[in-house]
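For reference, the structure is listed below as structure tokens.
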Number of protein chains: 6
Amino acid sequence: MKPSKHVIHDIQRVPAELVEGMRAYPTATIHEAYGAQGALFNTIKPIHPDMKLCGTAVPVKTRPGDNLIAHKAIYVAAPGDVLVVETASFVEAGFWGGIMTVAAQQRGIAGLVTDGAVRDTAEMIKMGFPVFSRGVSIKGTTKNCLGTINHPLQLAGVAINPGDLIVGDADGVVVVARADVADVLAKAKQREEKEAKISAELAQGDTTLALYGFSEQLEKLGLKE
Amino acid sequence: MKPSKHVIHDIQRVPAELVEGMRAYPTATIHEAYGAQGALFNTIKPIHPDMKLCGTAVPVKTRPGDNLIAHKAIYVAAPGDVLVVETASFVEAGFWGGIMTVAAQQRGIAGLVTDGAVRDTAEMIKMGFPVFSRGVSIKGTTKNCLGTINHPLQLAGVAINPGDLIVGDADGVVVVARADVADVLAKAKQREEKEAKISAELAQGDTTLALYGFSEQLEKLGLKE
Amino acid sequence: MKPSKHVIHDIQRVPAELVEGMRAYPTATIHEAYGAQGALFNTIKPIHPDMKLCGTAVPVKTRPGDNLIAHKAIYVAAPGDVLVVETASFVEAGFWGGIMTVAAQQRGIAGLVTDGAVRDTAEMIKMGFPVFSRGVSIKGTTKNCLGTINHPLQLAGVAINPGDLIVGDADGVVVVARADVADVLAKAKQREEKEAKISAELAQGDTTLALYGFSEQLEKLGLKE
Amino acid sequence: MKPSKHVIHDIQRVPAELVEGMRAYPTATIHEAYGAQGALFNTIKPIHPDMKLCGTAVPVKTRPGDNLIAHKAIYVAAPGDVLVVETASFVEAGFWGGIMTVAAQQRGIAGLVTDGAVRDTAEMIKMGFPVFSRGVSIKGTTKNCLGTINHPLQLAGVAINPGDLIVGDADGVVVVARADVADVLAKAKQREEKEAKISAELAQGDTTLALYGFSEQLEKLGLKE
Amino acid sequence: MKPSKHVIHDIQRVPAELVEGMRAYPTATIHEAYGAQGALFNTIKPIHPDMKLCGTAVPVKTRPGDNLIAHKAIYVAAPGDVLVVETASFVEAGFWGGIMTVAAQQRGIAGLVTDGAVRDTAEMIKMGFPVFSRGVSIKGTTKNCLGTINHPLQLAGVAINPGDLIVGDADGVVVVARADVADVLAKAKQREEKEAKISAELAQGDTTLALYGFSEQLEKLGLKE
Amino acid sequence: MKPSKHVIHDIQRVPAELVEGMRAYPTATIHEAYGAQGALFNTIKPIHPDMKLCGTAVPVKTRPGDNLIAHKAIYVAAPGDVLVVETASFVEAGFWGGIMTVAAQQRGIAGLVTDGAVRDTAEMIKMGFPVFSRGVSIKGTTKNCLGTINHPLQLAGVAINPGDLIVGDADGVVVVARADVADVLAKAKQREEKEAKISAELAQGDTTLALYGFSEQLEKLGLKE
């Protein structure tokens, strides 16, 4: 039942053109296009509201208060990957800081998602490295413990597999299983087109009650006032 | 005991000139002018710190995870109204998003206050629509359930009636009962004038201990050091 | 066991040149240089992410919901001091607001750290007065109760003595005991130099695994993959 | 807008026979019988799960961390009254303890409901005095501040007027407005009889799907599996 | 991506003799025997500390604030099954109460695990029906909405599939995947035997430092004091 | 600044007769007798409400999620000592369980206080070993990391030194500095005697308003109603 190896090097990823395609869509649109699946708990937020993230997941399991395996993960991940680091929700230590950000950007890593905390946030914001975390903490960690890289894990209420797509913006983070990305992309496109059309109709004086059939629904439920 | 109708269309509102008058004052000033009443719990905050809100309340009670009645409320409210939406404090779904913001702005609605969550926050900030919520969530809602519009309700520790004045800024949200607005406005004006005068005196080297009589109060309590 | 006096006027402070020296360093660096000591709980945050604070502590103990002693503290503190106000973690009242900020700036006070709440945040941000708090609340306080000034206290998990150094930035707040500041400053300088060197080496393609000896540590723990 | 007097002595109460009648019903039944109204937030719980409370409300507003007005309230309340004490949700002090419990029982007071904290819980449990609070704290309070007695207030999300009925059990606390008690009592009786009948039918092999028409409802929604 | 049917009737279960075997072991032992996997977040607790639960999972996904699908689940589940009900962590309504407990016991259902809330807890405790929840709430739900039964879901940080083993006691709830139960049972037995042996040795004056080799480990880390 | 040794063996303790004397008093009484000092945050509670604890502190600092140093502490502590274990408030692992309880009781240890979590609670309750913790968690820990024993630390808002007195009951935990115990004991005795006398007077119809002079205080504040 336990993984025989700590690190899995060989994972399949979402093709680059699908990643690029998905980058254009807000997380809320993707979540709807995915059948209302994949949103992390809303406690995971960007450290700056303008941050936008889109890439393939490298799931990392650390010991709370230790970041040795996270250093290793920087060098296991490929350009465009997002480190998704599970810490047992430990926010009393910033396991990720300025030096790791320099190293990760050097490696072309697309960003970080974690249920733990980070530090040196001003530096990360300045460097434009997107980080979505549950907290910020001045405290650091030890560098003593193993963990796993590219094993499936649960983070903030969602099961994440290596190579899944991770998208983040001001609203939070959504995960799309690798096999579903093409389908979700198509549906997101349709949804955005539909929403643009509806926005235009609203601007001309139409109502959501009419456009979505809500008046009918309200009436069916007995509200005719 | 239960309302016989879901929607009440005919409500009385704070006169427009009083709304405009109140817009100039910070929430903390209004709260003091109102005798330390009307502040919502401090968990209700603007989605962007620069947001400012002033308008008349249209209280809306929704089912957690459903926004059908909130759509209806957009078309029950009048220009200048603030939707005040009670969701049983459910923050694991954003019941309000981009399309509803477009519809609400088209209708002249002044803003949204809720103990629930919203999504598409980047869009709302860009559109300049003031939103004060307890959370942000990627997840959406169903459109299946009734609720009430313009019935009195409790939100974040305060009783809110239709037509009450709602004021929000970076510090949070304060509610003033319709009948009390004129009086609170006069007192807020006095308070601001007094504070301006005190600020000027402080700038000239005076102290709060002297200006407010705190030295005397401290001495009365036994502190003469 | 109880203090015989409420206010202690005569305290020793960190020398000004050490305060100035420390101002240059991020809180995370100082915390590490101090042997992983002194960070407040991560619930204490700046009211604006750009705020930076560095000064000597004047610890103040207030009654939750009363700010009389905080007014007194403005006039006990010396220029460059930071008011460190313990409120029993009471965040349902903003004991500090605009007028107090005017008074404090007039007195040359360097900033405020508190486990309580503040109000008039927009004003403080505009005035450039650094405030680190656990919350923001519209509600005010009474002015009836005594407290202590310049007695040692516990705040957010750290023991704070009068004259200790307080440093705050976007990551939070760290406290350094007066006697340790010179040593911590020297170590912070070394650490920053080391980090700058490592950043440069990373930019040239080196890895954290090699630079910090983590590969060796991982191997020792059995990870050779 | 502000009350001219701190204490109102003359209040109307729910007649004793209605209080006695309501005592027999669980809070969940009363809440349903009342049209799903009146339940306090579920953070207010008995200090011992066997505690049961039924009486008329004497609303008391205290300063957080002060209990002077709560002492006064013991002597304003009549036998059978429940003290309902609002503390701005301050749980870092137990404003009510053993001595007050002795005094209250001597006066025939029926129990205590508060959004604050209490101490000496072992003693209260031993004395059989029902207490529903948001917390337990060793710390005590000062005895310096005024408050109000028998003014309406908001507590844990519900508006409470003097003389309202307060019922508490292991599930929490529910409030019924004085004017509605007779009607709610009749409906609670009907509901309990209906539930007893349904329990009996379930015991004979019937199903909730059939007894409540849920099969039909499921089918209408499209679930026929 | 979305399930084509709401209810799956045909699931595989852990064989009865394995369920019975596992019933003897504490959750902490099972968790260790399972390689430190399967424990729900520690916010899910029994409503009475003496409750013990062991059975096969019927995962149910409800709308927050609606229990129609939970009624259906009572009649989809087989004797010995545990209803595992996901509510989006909504604790401001007790979706399960006395009548449902009567119905569930009549059907031979082994218990309930939920990230939501329940009510009528005194009744459930009296009836001996084990319930593990995140909260208790007086408030009820509507009966209007569909959901899913026997679809995989995430609850309190763990992925749960229909037919998995659910074990609960005073420490919380642990989930074991169906395919792993036999193996975990064997390992739990070994662990309990080892712990009994160690307890006996400790009783004779031996130490955990010696029995587990911790002295050696401490010495290796440099602690020889 | 950093301790040169991990373990300090030689500490001074409160004399046994003072420990025995203090055992008789409730934590709330001791806290008052100590001048309203020493109470831990109210998040630290006994795992069973009947638990009572009194002994001398052996402060232990662990890494979150590791209990190696806690094992060592069992054998550093003397009979009558209380282990006071700081875990950076990490409650997602029970670092203390059944085996450690057996070992600790064998050594005569008086109990455990921690800001972390424990497991095997049913076993500890059965064995009568008093445990005061911030949480309960099924999950275990590694045994890899050092920490400190008998160094001063901060726990739940209070500074604790080796040899301080620790008292716990249903209301929580209070700490008294070693040098202050004799004085606090005398004052606690006086306080209990005074409270017994007041209880007797209340039983004869006297009031707290008269006995404590509260009527006079209320009148001075303007309340004569």
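Note: hydrogens, waters and symmetry copies are ignored here, and every other heavy atom, side chains too, is used. Reminder, nothing fancy here: chain letters follow the sequence lines and each chain counts from 1.
- Contact of E32(A) with chain B is made through the side chain alone, with heavy-atom distances under 4.5 Å.
- In terms of heavy-atom pairs under 4.5 Å with chain A, the best-connected choice from K72(B), R119(B), H48(B) is R119(B).
- Judged as a salt bridge (charged side-chain N to carboxylate O under 4.0 Å, His left out), the pairs with a partner in residues 92-112 of chain B (not counting sequence neighbours) are, in order, E92(B)-K139(B).
- The distance from the CD1 atom of I138(B) to the CG atom of D169(A) is 6.5 Å, given to the nearest 0.5 Å.
- Within the 4.5 angstrom heavy-atom criterion, atoms from both the backbone and the side chain of V91(B) approach chain A.
- The residue among Q106(B), E123(B), H9(B), Q105(B) with the most heavy atom pairs within less than 4.5 Å of chain A is Q106(B).
- For D206(A), the part lying near chain B is the backbone, with the side chain staying farther off; criterion is any non-hydrogen pair under 4.5 Å.
- Within residues 212-220 of chain A, the residues that have a heavy atom under 4.5 Å from a heavy atom of chain B are Y212(A), F214(A), Q217(A), L218(A), listed by number.
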When the side chains of residues 171-179 of chain B are checked against the rest of the protein, which donor-acceptor pairs come out under 3.5 Å, sequence neighbours left out?
unit_1  : atom_1 : unit_2  : atom_2 : d
D171(B) : OD1    : D120(C) : N      : 3.4
D171(B) : OD1    : T121(C) : N      : 3.0
D171(B) : OD1    : T121(C) : OG1    : 2.6
D171(B) : OD2    : D120(C) : N      : 2.4
R178(B) : NH2    : Q12(B)  : OE1    : 3.2

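- When side chains are defined from C-beta on, V7(B) counts as touching L223(A), because their heavy atoms get closer than 4.5 Å.
- A salt bridge (charged side-chain N to carboxylate O under 4.0 Å, His left out) check over residues 33-59 of chain A, counting only residues at least two apart or in different chains, returns nothing.
- Summarising the local packing, NZ of K189(B) is surrounded by 12 or fewer heavy atoms from other residues, nucleotides or ligands at distances under 6.0 Å.
- Closest of all the heavy-atom pairs between L68(B) and L221(A) is CD2-CD1, 3.7 Å.
- Taking each heavy atom of V136(B) and A170(A) in turn, the nearest pair found is CG1-O, 4.4 Å.
- Smallest separation of non-hydrogen atoms from T208(A) and Y75(B): N-OH, 2.9 Å.
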